[in-house]
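The next block holds one structure in the form of structure tokens; read it before the comments.
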2 protein chains.
Amino acid sequence: MTPRTSPGPRERLLAAGQQLFYSQGASVGVDALLKEANVARRSLYEHFGDKDGLIAAVLHRASAEDLAWYENALAGATEPRARLLGLFDRLDELVATPDFRGCRYFATDLSFADPAHPAHAETDAFRRSLHALLVRELEAMGHAHPERAAEQLHLLIEGTLVVGATQDGHHPGRAARDLAAVVLD
Amino acid sequence: MTPRTSPGPRERLLAAGQQLFYSQGASVGVDALLKEANVARRSLYEHFGDKDGLIAAVLHRASAEDLAWYENALAGATEPRARLLGLFDRLDELVATPDFRGCRYFATDLSFADPAHPAHAETDAFRRSLHALLVRELEAMGHAHPERAAEQLHLLIEGTLVVGATQDGHHPGRAARDLAAVVLD
DNA sequence: TTAGAAGTAGACCAACTGTTCTACTTTCCA
DNA sequence: TGGAAAGTAGAACAGTTGGTCTACTTCTAA
């Protein structure tokens with residue numbers, strides 16, 4: 001019942017944070033977040049404690065969404081090897097998006113020099129999940145060294161994101177895909 | 001003459017900026033910079049106009065130093081192929097440094113959402129120089145597709161830096177070196 | 001119907017930001 | 001020796017930051 005016709009302030013804050021933290025960086029002001037979310041100042045502090053709490057919550061949510069994106073990208077094919085190669089095709093499309101600005105998690109890590117900041121726990125968790133996902137796929141295709149290969153694929157993914165974010169016109173996904181094919185053999 | 005026994009305020013500001021912008025990010029306060037450089041407030045604004053001017057100048061200087069680092073890393077061998085592979089060995093050592101925090105230029109790009117910020121011109125220039133350096137080496141070894149191979153090597157370098165900055169205990173330089181060997185053939 | 005929870009709106013605060021300015025000192029060259 | 005240039009020290013300023021607080025409204029469930 002009461003299917004909540006429109007999302008509440010908590011949801012709106014998370015959505016606004018996800019968008020603004022990505023496009024502007026973690027330094028966006030609280031005022032901008034409140035305005036974008038159309039939410040009262042008080043609601044932010046009631047729901048998340050402080051700005052850092054919102055940042056961590058946004059990363060937590062984005063992490064789940066991004067992992068789902070990876071799963072979806074893999075689902076483009078059924079054969080294990082084709083699944084992983086297809087991932088790089090999808091990455092190539094992703095980084096070509098006009099407002100692509102690189103990996104949310106690495107950007108967050110760079111924003112907070114203090115290693116005790118709660119955001120780092122979220123970015124670490126994301127990377128571990130991504131690594132586990134890659135290992136799972138590699139094991140499914142019977143790779144001889146899944147751990148090592150996963151690290152190499154991860155390196156190719158990060159490289160693709162950075163090059164995609166900093167250089168226009170390139171197709172880093174294609175370059176990475178060629179190298180990924182080597183890793184898989 | 002007057003070999004300037006100790007570096008002047010300009011040099012001290014550049015050195016302090018190079019260190020603090022890297023370790024703390026571009027958001028370090030002017031006060032911290034002045035204190036670290038042991039320089040009067042006024043000197044900063046006389047020499048660099050404003051904080052952004054210092055940021056650009058620091059990047060300009062770091063760019064030259066970092067390119068020299070790449071040249072030096074290549075100089076570990078004479079045979080063209082060994083030169084490029086040796087670069088990844090040096091990168092592997094670099095990212096293992098305890099205070100390594102990733103690529104200065106990518107971090108800077110992420111810090112300034114405004115594409116008109118003067119820092120972006122410096123990071124672009126650095127990347128172009130690095131690309132040219134890679135192309136030069138690939139041509140020297142008679143590679144069939146120097147431009148394409150340079151993009152792949154660049155991707156491997158960026159991936160190495162990101163993984164090195166975010167995951168401890170890994171040896172991304174080794175993983176990248178294996179893949180670089182494939183690129184070179 | 002009504003009490004209480006949740007939300008809005010916005011004033012307010014202390015701390016900090018980059019920047020400008022004034023006054024004094026050092027350096028160095030003609 | 002003298003005087004301009006460059007440097008230091010630090011007060012002051014306006015704008016912004018994250019965060020708290022009060023007063024009012026809306027929703028909702030007993």
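As the structure is a prediction and not an experimental result, all values here were calculated from the model. Naming convention: chains lettered A, B, ... in sequence-line order (proteins, then strands); numbering from 1 in each chain.
An OP1 or OP2 oxygen of D/dG7 is reached within less than 4.0 angstrom by no side-chain nitrogen or oxygen of B/R12. Between B/S43 and the phosphate of D/dT8, there is a side-chain N or O to OP1/OP2 separation shorter than 4.0 Å.
Within a heavy-atom distance below 4.0 Å of DNA chain C, no residue of residues 20-35 of chain A is found. For the contact set between residues 45-56 of chain B and DNA chain C, defined by any heavy atom under 4.0 Å, the members are B/Y45, B/D50, B/K51.
Surrounding NE2 of B/H117 are more than 12 heavy atoms belonging to other residues, nucleotides or ligands, all under 6.0 Å away.
If you check the side chains of A/Q167 and B/E151, you find no donor sitting under 3.5 Å from an acceptor.
A distance-only check finds a donor-acceptor pair linking the side chain of A/R12 to the backbone of A/N38 [under 3.5 Å]. Side-chain atoms of A/Y22 do not come within 3.5 Å of backbone N or O of A/F100 as any donor-acceptor pair. A distance-only check finds a donor-acceptor pair linking the side chain of A/H120 to the backbone of A/D114 [under 3.5 Å].
B/N38 places its CG atom 16 Å from the P atom of C/dT26, with the value rounded to the nearest Å. The CG-P distance, from B/L13 to D/dG7, rounds to 10 Å in whole Å. Across the protein-nucleic acid pair, A/L44 atom CG and C/dA9 atom P stand 15 Å apart, rounded to whole Å.
Residue-level contact check: B/R10 touches neither bases nor backbone, having no heavy atom under 4.0 Å from any strand.
Side-chain atoms of A/R42 stay outside donor-acceptor range of the base of D/dT20, with no qualifying N/O pair under 3.5 Å. Interface remark: the A/R41 side chain does form a donor-acceptor pair with the D/dG19 base, using a distance-only criterion of under 3.5 Å.
Using a 30° and 60° split on the angle between ring planes, A/H131 and B/H170 fall in the perpendicular class, above 60°.
Using a 4.5 Å heavy-atom threshold, the side chains of A/F21 and A/R104 count as separate.
Between the CG atom of B/N72 and the CG atom of B/D66 there is a distance of 12.0 Å, given to the nearest 0.5 Å.
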Contacts table for residues 177-185 of chain A: side-chain donor-acceptor under 3.5 angstrom, sequence neighbours left out:
unit_1	atom_1	unit_2	atom_2	d
A/R177	NH1	A/D89	OD1	3.3
A/R177	NH1	A/D89	OD2	2.6
A/D185	OD1	A/R81	NH1	2.7

